[in-house]
Number of protein chains: 2
Amino acid sequence: MPEPDAPVRGDVEACAALGDDLGWALGVLARTYRDVAKQAFGDLPGGARGYQVLRYAAKWGPAGGPGTGEAPATQLALAQQLGIDRTVMTYLLDDLERAGVVERHADPADRRARRIAATAEGRARLAELDARLREAEDVVLRPLSGEEAAAFRGMLQRLATQVDEGTAAAACDEAAADLR
Amino acid sequence: MPEPDAPVRGDVEACAALGDDLGWALGVLARTYRDVAKQAFGDLPGGARGYQVLRYAAKWGPAGGPGTGEAPATQLALAQQLGIDRTVMTYLLDDLERAGVVERHADPADRRARRIAATAEGRARLAELDARLREAEDVVLRPLSGEEAAAFRGMLQRLATQVDEGTAAAACDEAAADLR
DNA sequence: TATTGTTATACTCTATAACTATA
DNA sequence: TATAGTTATAGAGTATAACAATA
């Protein structure tokens with residue numbers, strides 16, 4: 001994730017020259033959202049990636065007891081699900097564990113594997129993050145009316161999933177790659 | 001610009017879990033467009049950045065005669081307009097010049113400065129690129145009907161420029177930063 | 001002394017490969 | 001032999017700083 005840059009002179013004028021293509025607008029919006037979301041993530045290790053991992057880990061109960069009964073995902077499963085390289089997952093989990101939001105538990109059935117579960121603190125953190133992200137979305141969509149925003153969200157969702165073409169898998173691959 | 005990654009197993013399933021927030025959809029769409037556009041750029045040095053530079057340079061005439069009468073932009077002006085670091089601009093122009101699409105001309109009034117102009121070949125290349133980019137946009141928006149696509153474009157444009165808030169400048173800064 | 005453009009250096013991510021401990 | 005996780009190494013991309021030429 002690139003650092004926020006110092007303001008640059010001349011960009012406003014450049015907008016007049018650049019702001020007429022889809023790619024540009026898309027880039028601006030995605031970047032704007034990312035910056036707003038970044039603030040929401042705060043010091044959560046890994047930013048958006050850390051959030052996704054936490055969100056996945058939170059599907060299972062806090063340390064001590066399973067929330068559902070299903071076994072928490074292993075590091076490898078998590079990495080594959082989110083499209084993150086398993087070596088990167090190691091670093092990411094190191095940081096998330098140090099931050100106290102997830103825990104690695106030895107799998108009794110396979111001592112090579114580690115099961116990843118969110119801690120109670122991690123769950124609380126996740127609830128906060130979800131709320132803040134909803135706010136971030138509202139900020140980004142503020143220029144639109146309520147109806148428009150709903151329509152925009154719907155179309156965006158359709159575009160992202162590309163249900164009409166066989167490209168859903170590819171789109172998802174891209175999304176996952178985006179997290180890398 | 002990240003390289004296209006090898007397909008990753010499991011992303012499709014992950015989509016079901018991830019695909020419910022704006023940030024995710026935005027990321028997918030921006031990434032999808034970027035990949036499609038990347039193909040359109042072909043071997044143009046610098047990808048999207050190279051395109052923007054070429055586009056700017058093409059505002060002035062091919063080598064030998066000014067198209068308008070205004071002097072072509074200097075490297076520094078170009079860098080500031082597009083929000084690219086001037087050291088990066090050096091490398092980028094090296095590549096674009098080697099590719100034969102732009103030329104550096106000494107400024108008679110200030111021998112430190114270099115004026116950047118598109119070559120005839122650069123202009124032809126730009127026309128191609130513009131056409132291909134329009135196609136790329138169509139591909140990305142294909143899931144929408146004609147009416148929807150128009151509405152989507154309009155809303156996206158409004159969101160990107162954020163005219164209702166005083167954030168236009170900030171948004172443009174972000175857009176420029178995006179090119180870095 | 002300040003500015004334009006260039007070159008050199010360092011830092012951040014990410015990708016690849018090598019290693020361990022289990023299976 | 002293959003797999004889960006870790007660690008080490010190397011590459012691309014970018015930012016920072018030093019430099020030469022000119023103002």
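Note on naming: letters A, B, ... go to the chains in the order of the sequence lines (proteins, then strands), and numbering restarts at 1 for each one.
With hydrogens and angles left out, the side chain of B:Arg86 and the base of C:dG5 share a donor-acceptor pair within 3.5 Å. On a pure distance criterion of 3.5 Å, a polar donor-acceptor pair joins the side chain of A:Arg112 and the base of D:dT3.
For the pair A:Thr90 and D:dG5, the criterion of a side-chain N or O lying under 4.0 Å from OP1 or OP2 is not met. The side chain of A:Thr74 places no N or O atom within less than 4.0 Å of a non-bridging phosphate oxygen (OP1 or OP2) of D:dA4.
For the atom pair B:Leu54 CG and B:Asp130 CG, the distance stands at 8.5 Å (nearest 0.5 Å). Note that the CZ atom of A:Arg104 and the CZ atom of A:Arg115 stand 14.5 Å from one another [nearest 0.5 Å]. Taking CG from A:Asp85 and CG from A:Leu92, the interatomic distance works out to 11.5 Å, rounded to the nearest 0.5 Å. Taken to the nearest 0.5 Å, the CG atom of A:Leu129 stands 11.0 Å off from the CZ atom of A:Arg55.
The CG-C1' distance, from A:Asp85 to D:dT7, rounds to 13 Å in whole Å. If you measure from atom CG of B:Leu92 to atom C1' of D:dT14, you get 13 Å, rounded to the nearest angstrom. Atom CG of A:Asp95 and atom C1' of C:dT12 are 14 Å apart (whole Å). Counting to the nearest Å, the C1' atom of D:dT22 and the CG atom of B:Asp110 are 7 Å from each other. Here the C1' atom of nucleotide C:dA2 and the CG atom of B:Leu76 are 13 Å apart, to the nearest Å. Atoms CZ (A:Arg111) and P (D:dT6) sit 16 Å apart, rounded to a whole Å. Rounded to whole Å, atom P of D:dA21 lies 17 Å from atom CD of B:Gln75. Atoms CD (B:Glu97) and P (C:dG5) sit 13 Å apart, rounded to a whole Å.
Ring planes of A:Phe152 and B:Phe152: parallel class, angle under 30° (limits at 30 and 60°).
If you check every strand for non-hydrogen atoms under 4.0 Å, A:Thr87 touches a base. Residue contacts for B:Arg104: at a heavy-atom cut-off of 4.0 Å it reaches the sugar-phosphate backbone alone, with no base atom in range.
Closest to the side chain of B:Tyr91, from the set D:dA4, C:dA15, C:dA8, is C:dA8.
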